[in-house]
Amino acid sequence: MNTHEISQISPDIDYWQQENVIGAESEIDVIKSWLEFSCQNSENTYRSYVKEIKRFLIFCDSVGKSFHKITSKDLNQYYTILEFPTDDWLIPDVDMPTLKTQILTKGLNISSVGYTRKVLNIFYGYLLKSSVISVNPVSLSRKIKYEEPHNHIGKALSFDAWLELKKWLSIQVSRAKGPQERSKAIRNKWLLNLLYYSGVRRSSLIGLTMDCFKMEQRGTSRVWIMNFMMKGDRPHSIFMTDQLLEELKAYRASIGLHELPTGKETHIPVIAAISLKKNSLQNATTSISSRGVNFVIQECLSKAAADCHDHFISEELLHATTHTFRHTCATHWLTLGVDVVATKEHLGHRNINTTMVYMKNTDEHRKNEMDKLSKAFSNSGL
DNA sequence: CCGTGGAATTCAACATGGGG
DNA sequence: CCCCATGTTGAATTCCACGG
């Protein structure tokens, strides 16, 4: 992460005389303590914030002000630059940039400008709390309005598309030529099925070992569960469906392991990286990287789409990404009639509203529920 | 109870590096 | 020297929580 060291950004430090309670003696100090304060839980957040603050400091420099002197008018100008950069903010097509400000390849999407505003608001909020400034200029700057995407529905695969993909994955295994190709097909089939049935995020999968699968006593019955880490460093566990367990067994059998995890397999990755040198899945000890997951999935999807004769399904597959499988999991569960609370627990949402977004057609859902209720009534003679 | 501030993550284009 | 998986990083999205 040293490419993101803050100290590389702004070598000229103003004489710092702000009164503050964080003990900052320079601009860099302030930024460092802000990052430390706000990004305790996540490398990703840290990286994002550093990127934003880096770009913002270049802007501050261009208007000849230190960040604690920036006005909301300056900020409005900054938003405009980001969305509609003038030539002195754009990286030239042919030559190397001559100006320090030539950092943009194109205007940012409005949602990204909104994101920038949010991060700056967090930053200036911190400055306000630490009495470096007395008014937050961001809160007085122009609001950035944009449509929240939130159309999860469009981001899930249809039943047909998933079935097509699942079938395709199996065919790849049976048609594979040579051990290398076969290993890959087996691993890919397992990866996609795991994503679909478990609905976990890509990041939860990285570095996971077979020990994450355990049989546990829950309530009155014993169930297989899968343990992993969620967003924000939170541990989470899900109940495994029979289908997921079957896929696990199939995968383990195909690489010569015991059908079910023994509990002492911290050296066996759940999703293995297939390197060229040891071309067998059996010996693989390193987990796939996050970039690797994307690569593999993109490859599968585009090939499956090419092999598919149905134009609509083909399009669906082409537009899917890793995260699509999480959406697909949620949407399919709810459509198949799993109740919202169970789905919420499975996905690890803390707020039920998040889960509700996946409930596609409320009328259809209500109708189904009414049918269920009618049946329950008549079965119990009420 | 919902709108928004805040936090954490995924996406994708380009860069890199080691093995055959 | 090429191939392919992995790194890097700017951009875009997703999700949580809390206060009016």
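All heavy atoms count here, side chains included; hydrogens, waters and symmetry mates do not. Labels below follow one simple rule: chain letters A, B, ... track the order of the sequence lines, proteins then strands, and each chain is numbered from 1. If you're wondering where the values come from, they're calculated on a predicted model, not measured in any experiment.
- Contact between the side-chain N/O atoms of Asn44(A) and the OP1/OP2 oxygens of dT9(B) is found at a separation under 4.0 Å.
- The distance between atom OH of Tyr46(A) and atom P of dT10(B), rounded to the nearest whole Å, is 20 Å.
- The Asn351(A) side chain lies nearest to dC16(C) when the options are dA7(B), dT9(B), dC16(C).
- At a cut-off of 3.5 angstrom, the base of dT14(C) holds at least one donor-acceptor pair with the side chain of Lys231(A).
- Separating the CG atom of Leu90(A) from the C1' atom of dA11(C) is a distance of 15 Å, rounded to the nearest angstrom.
- Checking Met230(A) against Glu299(A), the closest nucleotide of DNA chain C that is more toward the 5' end is the one next to Glu299(A).
- Here Arg252(A) does not pair with Glu247(A) in a salt bridge; the nearest charged N to carboxylate O distance is not below 4.0 Å.
- In this pair, Phe228(A) and His236(A) present their aromatic rings perpendicular. The plane angle is above 60°, beyond the 30 to 60° band.
- Rounded to whole Å, atom C1' of dG6(B) lies 9 Å from atom OH of Tyr115(A).
- Cluster annotation: Leu120(A) and Ile133(A) are assigned to the same hydrophobic cluster (Ile/Leu/Val/Met/Phe/Trp/Tyr, side-chain heavy-atom contacts under 4.5 Å, transitive).
- When each of Ser204(A) and Ile122(A) is assigned the nucleotide of DNA chain B with its nearest heavy atom, Ile122(A) is the one assigned upstream, toward the 5' end.
- Taking 4.0 angstrom as the limit, Tyr49(A) places a side-chain polar atom (N or O) nearer than this to OP1 or OP2 of dA7(B).
- Looking at Lys51(A), its side chain comes within 3.5 Å of the base of dA11(C) through a donor and an acceptor atom.
- Taking side-chain N and O atoms only, Ser112(A) has a distance below 4.0 Å to OP1 or OP2 of dA12(C).
- Taking the charged nitrogens against the carboxylate oxygens, Glu246(A) and Lys249(A) do have a contact shorter than 4.0 Å, which makes a salt bridge.
- Contacts of Ser48(A) with the nucleic acid, taken as non-hydrogen atoms under 4.0 Å apart, include base atoms.
- Per the geometry, CG belonging to Leu205(A) stands 15 Å off C1' belonging to dT9(B), to the nearest Å.
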Report task. May I have the step-by-step check of ring-ring contact (aromatic ring centres under 6.0 Å, His included) for Phe159(A) and His332(A), ending in yes or no? Result -> CA-CA 8 Å; Phe159(A) 287 117; His332(A) 286 191; 4.1 Å; yes
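- Dashed line: the shortest gap from a side-chain N or O of Ser111(A) to OP1 or OP2 of dA11(C) is not under 4.0 Å.
- A parallel orientation is assigned to the rings of Tyr196(A) and Trp162(A), their planes being inclined by less than 30° (bins at 30° and 60°).
- Residue Asn121(A) is classed as a sugar-phosphate contact, given heavy-atom separations below 4.0 Å to backbone atoms only.
- By the salt bridge (charged side-chain N to carboxylate O under 4.0 Å, His left out) test, Lys231(A) pairs with no residue at all, sequence neighbours left out.
- Note on ring orientation: taking the six-membered ring where Trp is involved, the planes of Phe123(A) and Phe67(A) are perpendicular (angle over 60°, cut-offs 30° and 60°).
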* Ser62(A) and Phe59(A): side-chain contact (heavy atoms from CB on, under 4.5 Å), yes or no, with the steps? -> CA-CA 5 Å; Ser62(A) 80; Phe59(A) 169 75; 3.9 Å; yes
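- Note: NE2 (His236(A)) to C1' (dC15(C)) measures 14 Å, nearest angstrom.
- Within 4.0 Å (heavy atoms only), Thr45(A) reaches at least one base atom of the nucleic acid.
- The nearest whole Å value for the distance from the CG atom in Asn109(A) to the P atom in dT14(C) is 12 Å.
- Looking at the side chain of Ser42(A), the nearest of the listed nucleotides dC15(C), dT9(B), dC11(B) is dT9(B).
- Gly107(A) comes within 4.0 angstrom of nothing in the nucleic acid, heavy atoms only.
- Taking atom CD on Gln40(A) and atom C1' on dA8(B), their separation rounds to 14 Å, with Å as the unit.
- Counting to the nearest Å, the P atom of dC11(B) and the CG atom of Leu318(A) are 15 Å from each other.
- Looking at which nucleotide of DNA chain C each of Arg201(A) and Leu108(A) is closest to, the 5′-most match is held by Leu108(A).
- The side chain of Arg47(A) lies closest to dT10(B), out of dG6(B), dT10(B), dC16(C).
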Grab the N/O contacts between the protein and nucleotides 12-14 of chain B below 3.5 Å, and write none if there aren't any.
| from | atom 1 | to | atom 2 | distance (Å) |
| --- | --- | --- | --- | --- |
| dA13(B) | N6 | Arg291(A) | NE | 2.9 |

